[in-house]
Every structure is written in structure tokens, then in C-alpha cells.
Amino acid sequence: MKTTASDALIVIDVQNDFCPGGALAVNEGDAVVPYINDISAHFDTVVLTQDWHPAGHSSFASSHHGLDPFASIDMDYGPQTLWPDHCIQASTGAEFHRDLNTTGAQLVIRKGFRASIDSYSAFFENDHTTSTGLTGYLRERGIQRVFCVGLATDYCVRFSAEDAVAQGFDTTVLLDGCRGIDLDGSVDAAITSMRGTGVIIS
Ligand code: VGL
Ligand code: ZN
């Protein structure tokens with residue numbers, strides 16, 4: 001892969017809880033690790049994201065009496081899918097997959113750390129206004145193109161890639177480096193939606 005100094009790789013949520021055996025396991029989630037390790041070597045700028053929830057987070061079904069994981073509720077910021085408890089701060093499930101090579105990464109963006117709001121995107125929380133600061137970081141580093149990989153295609157990768165385009169970055173999702181949760185066709189819907197907003201799907 002040919003990259004330049006104005007390209008960044010954004011590695012989304014390659015954490016134990018999204019890999020087989022984890023609390024919110026994505027089918028073959030761990031299969032992205034060798035691919036990501038290989039392509040990381042081609043980028044001068046590598047950013048990792050880490051889903052990082054306090055116990056009792058509002059996106060957990062266990063925080064809502066009588067509701068099960070994968071139900072949807074209305075929050076003040078809009079609809080929110082409820083998840084099994086996952087990626088609790090400082091837990092083993094929140095750690096990066098042990099084989100992910102994190103040595104070359106220069107920034108780790110933690111997200112979902114506010115109890116009352118979830119954050120799928122690496123750029124904005126689910127209210128679409130609370131910023132993680134990533135746009136400013138990438139702009140100050142002179143980044144123009146971003147490549148997104150990781151977990152899960154239909155949630156955190158999708159919303160990160162769509163926000164990246166909206167923030168003015170040329171954005172590509174490398175599907176070989178992604179796996180999805182796939183609730184009711186959500187992977188296909190995500191790919192259609194990403195294409196519609198101008199994300200290059202490769
Ligand atoms: C994610 C659901 C909940 C993801 C994170 O990384 O795609 N999905 N938290
Ligand atoms: Zn989460």
C-alpha cells in the first residue's frame with residue numbers, strides 16, 4: 001500500500017470484548033489483527049481508539065430495568081441500541097487484543113467514558129456534537145486522508161468514517177481490516193450508508 005505523510009490509519013476498538021470470547025464478540029473479530037499489523041507499517045500516523053465505559057454506563061442493557069441487550073431506547077440525543085456490559089474501564093475486556101501491535105501508534109482516543117452518552121465515532125459522541133478532539137489532532141498533524149479499520153464495521157467504524165468525511169478528510173474503509181456485529185443486516189446498511197456519504201469502500 002502506497003501512503004504519504006498526510007495519511008493516517010485509524011484503528012477502531014480492536015479490544016478483547018469485541019473478539020471471540022468477549023462480552024460483545026464480533027464474529028471473527030480477531031481476524032483483523034494480522035491485517036492491521038501489516039498495514040500499520042505503511043503509515044507515519046496511526047491512531048487507536050478504545051471503547052472505555054464506566055461500570056453502569058447508560059448504553060448497557062443492565063442499566064435499564066427490564067430491557068435486554070440489542071433493544072433500542074430513546075435517549076435525549078436520539079435512539080440508542082443497548083449492549084451487554086462491555087469495555088469497562090481498566091477491565092481485561094477493554095484491553096487491546098494481545099496480538100495487536102500498538103507500538104507504532106501515537107495517539108489513543110478513549111471514547112464512551114461519559115456515563116450518560118455513548119460514543120461510536122472516533123470524532124464525536126452519539127449526540128453528534130461532543131467532540132473527542134480527533135479532528136483537531138489530525139488537522140494539526142497535516143492529515144488529509146484517513147483509512148479506517150477495526151471493529152465493528154456497522155457501528156464504530158461506520159460512524160467514524162462518516163464523521164471523517166464530514167470533517168473534510170478523504171476517507172477509505174478497508175473492509176479486510178473490519179468485521180461487523182450485523183444486527184438485522186446492519187453491515188450491508190452501513191456499507192450503503194458510508195458509500196452514500198462519500199466514504200470509499202475498499
Ligand atoms: C461498538 C457497540 C458498542 C463498536 C462499541 O466498537 O462498534 N459497538 N460499543
Ligand atoms: Zn461501547
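Counting starts at 1 for both ligands and their atoms, in listed order. What you see below is based on every heavy atom in this structure, not just the backbone, and it leaves out hydrogens, waters and symmetry mates.
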Where does the angle between the aromatic ring planes of His128 and Phe159 fall among parallel (under 30°), tilted (30 to 60°) and perpendicular (over 60°)?
-> tilted
Measure from the ring center of Phe18 to the ring center of His86 and say whether it is less than 6.0 Å.
-> yes
Sub-4.0 Å atoms of ligand 1 with respect to non-hydrogen atoms of Cys156 | 1 (C), 4 (C), 5 (C), 6 (O), 7 (O)
Heavy atoms, side chains only, cut-off 4.5 Å: are Arg110 and Gln89 in contact?
-> no
Check ligand 1 against Leu151 and write out every atom of the ligand that is under 4.0 Å from a heavy-atom position of the residue.
-> 4 (C), 6 (O), 7 (O)
Output yes if His86 passes the N/O/S-under-2.8 Å test against the Zn ion (ligand 2); output no otherwise.
-> yes
If we ignore angles and hydrogens, is there a donor and acceptor under 3.5 Å between the side chains of Gln80 and Asn126?
-> yes
Would His86 count as a contact of ligand 1 if the rule is a heavy atom under 4.0 Å away?
-> yes
Hey, is the main chain of Ala122 close enough, under 3.5 Å, to the side chain of Ser160 for a donor-acceptor pair?
-> yes
Pair Lys111 + Glu125, salt bridge at N-O below 4.0 Å = no
Answer yes or no as to whether an N/O/S atom of Asp51 is found below 2.8 Å from the Zn ion (ligand 2).
-> yes
Answer yes or no as to whether an N/O/S atom of His57 is found below 2.8 Å from the Zn ion (ligand 2).
-> no
At what distance is the nearest protein heavy atom to atom 6 (O) of ligand 1, and which residue and atom is it?
-> Asp13 OD2, 2.6 Å
the protein heavy atom lying closest to atom 2 (C) of ligand 1 turns out to be Trp83 CE2, 3.4 Å
Show which side-chain atoms of residues 147-154 pair as donor or acceptor with protein atoms under 3.5 Å away, not counting sequence neighbours.
from, atom 1, to, atom 2, distance (Å)
Thr153, OG1, Arg179, N, 3.3
Thr153, OG1, Arg179, O, 3.0
Thr153, OG1, Gly180, N, 3.3
Asp154, OD1, Ile181, N, 2.9
Asp154, OD2, Ile181, N, 3.3
Asp154, OD2, Asp182, N, 2.5
Asp154, OD2, Ser186, OG, 2.7

Does an N or O from Ala152, backbone or side chain, lie closer than 3.5 Å to an N or O of ligand 1?
-> yes
Please determine if Asp118 has a nitrogen or oxygen closer than 3.5 Å to a nitrogen or oxygen of ligand 1.
-> no
